[in-house]
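Written below as structure tokens is the structure these notes are about.
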2 protein chains.
Amino acid sequence: MAKRATATAASARTETGDGTLRQFVGYNLKRAYMAILDDLHRVLGQHNLRLATFSALALVSDNPDIAQGELAQALSVERSSVVVIVDDLETRQLVTRNKVLGDRRAYALRVTLKGRQLLDRLQDEIAAHENRFFGQLSAAERATLVGLLNRVEGAAADAA
Amino acid sequence: MAKRATATAASARTETGDGTLRQFVGYNLKRAYMAILDDLHRVLGQHNLRLATFSALALVSDNPDIAQGELAQALSVERSSVVVIVDDLETRQLVTRNKVLGDRRAYALRVTLKGRQLLDRLQDEIAAHENRFFGQLSAAERATLVGLLNRVEGAAADAA
DNA sequence: TATTGTTATACTCTATAACTATA
DNA sequence: TATAGTTATAGAGTATAACAATA
């Protein structure tokens, strides 16, 4: 099928073909996701945050008094993994573990002022990050992209 | 900001809000990707293949006589990681390591007949997998999605 | 008995660094 | 000196399983 430059001394370097994989939407999806991930990690890394930790912070902010188990579900990780994440956020005083009236087993997580401020700054920085990669797309195109992605996600949720 | 059902005994379980994250295209991108990944892993797992191993097989098929270092680049992993992957493919007689005329350090990788046959079957199975998630999208919509994803990937390549 | 959070441990995947044999 | 592939090791991230406290 595919031709390939033989590895002679004077070979002009050919691009590696990936046509077989390109036929799959999922491959294109992964490539696009991976392509932006390094830069996102760099942005978060400047604040010593992992993606999961940032996501947890945002989720706690959106869901005051969320329990760790619920957070685990939202993050699609095990409860034991959430312990590590919340430990980190709590140590850095970005979220607090609060007593729940009526259930002394559970914690109600809340963002601190410091956490909110960090989140505000991060939202700006991530918006800038996104402009570097999605900036070429018009607002309408970005909306189309998100709409299609959400339909894919919805199809997965239906299947489950 | 966001309201949240208090954890009373009779609380109707509220969906966890993720509005802060949803504003980012990248989050929607990751969600869609993660949503299809479990099913893809299941399909590949039936053949005892990891995603990276399958991708390597497809890339070797598209690029006869590719070297391991080139494969590493195409897979975005280190050469040492490719050794493990190719070891697996070679042990299972799906690809062969062949001598390169003119450079006795390098290998030229080729898919075997067995590898090609497995790849053919996998392409069908993955196409079926994709229909489960992208089937709701029309062919035009799928093309639009891929086009937008590729522009994002291209923007990343330009930035690098 | 079931559930929440915790701990200790194991597993998967990948990177890093040092090595060999070639170039 | 540099490069292709290899090996051994370490690290990051997550899951699993057993546990204490509480429901």
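Below, chains carry the letters A, B, ... as their sequence lines are ordered, and counting in each starts from 1. Not measured: the values here are computed from a predicted model.
As judged by a 4.0 angstrom heavy-atom cut-off over every strand, Glu78(B) is placed among the base-contacting residues. Within the 4.0 angstrom heavy-atom criterion, only backbone atoms of the sugar-phosphate kind lie near Val77(A); the bases stay farther away.
When each of Thr53(A), Asp88(A), Leu57(A) is paired with Leu94(A), the side chain to side chain contact (heavy atoms under 4.5 Å, CB included) condition holds for Leu57(A) and for no other.
The 5' end of DNA chain C is approached more closely, in terms of each residue's nearest nucleotide, by Ala106(A) than by the other of Ser81(A) and Ala106(A).
One can place CG of Asn98(A) at 18 Å from P of dT4(C), the figure rounded to the nearest angstrom. Straight-line distance from the CZ atom of Arg50(B) to the P atom of dC11(C): 16 Å, rounded to whole Å. Whole-Å rounding puts the Asp87(B) CG to dT14(C) C1' distance at 15 Å. Atom NE2 in His41(A) sits about 14 Å away from atom P in dT14(C), given to the nearest Å. Atom pair Gln68(B):CD and dT14(C):C1' shows a separation of 16 Å (rounding to whole Å applied). Between Gln73(B) atom CD and dT3(D) atom P there is a gap of 12 Å when expressed in whole angstrom units. Atom CG in Asp38(A) sits about 13 Å away from atom C1' in dA15(C), given to the nearest Å. The interatomic distance linking Ile66(B) (CD1) with dA4(D) (P) rounds to 13 Å, in whole Å.
You won't find any donor-acceptor pair under 3.5 Å spanning the side chain of Ser80(A) and the base of dT14(D), going by distance alone.
If you take CG on Leu29(B) and CD on Glu153(A), they are separated by 11.0 Å, rounding to the nearest 0.5 Å. Rounding to the nearest 0.5 angstrom, the gap separating the CG atom in Leu149(B) from the CG atom in Leu149(A) is 6.0 Å. Remark: Asn28(B) CG to Arg31(B) CZ distance equals 9.0 Å, nearest 0.5 Å.
Residues Leu51(A) and Leu37(A) have side chains in contact (heavy-atom distance under 4.5 Å, counting atoms from C-beta outward).
Between Asp158(B) and Arg151(B), no side-chain nitrogen of the basic residue sits less than 4.0 Å from a carboxylate oxygen of the acidic one, so the salt-bridge criterion is not met.
The side chain of Arg97(A) contributes no N or O atom lying less than 4.0 Å from OP1 or OP2 of dT4(C).
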Mark up nucleotides 18-23 of chain C, 5' to 3', with B wherever a protein heavy atom is under 4.0 angstrom from a base atom, S wherever such an atom reaches only the sugar-phosphate, and - elsewhere. ---BBS
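Using modelled atom types and a 3.5 Å distance limit, the side chains of Asn63(A) and Thr16(B) yield no donor-acceptor pair.
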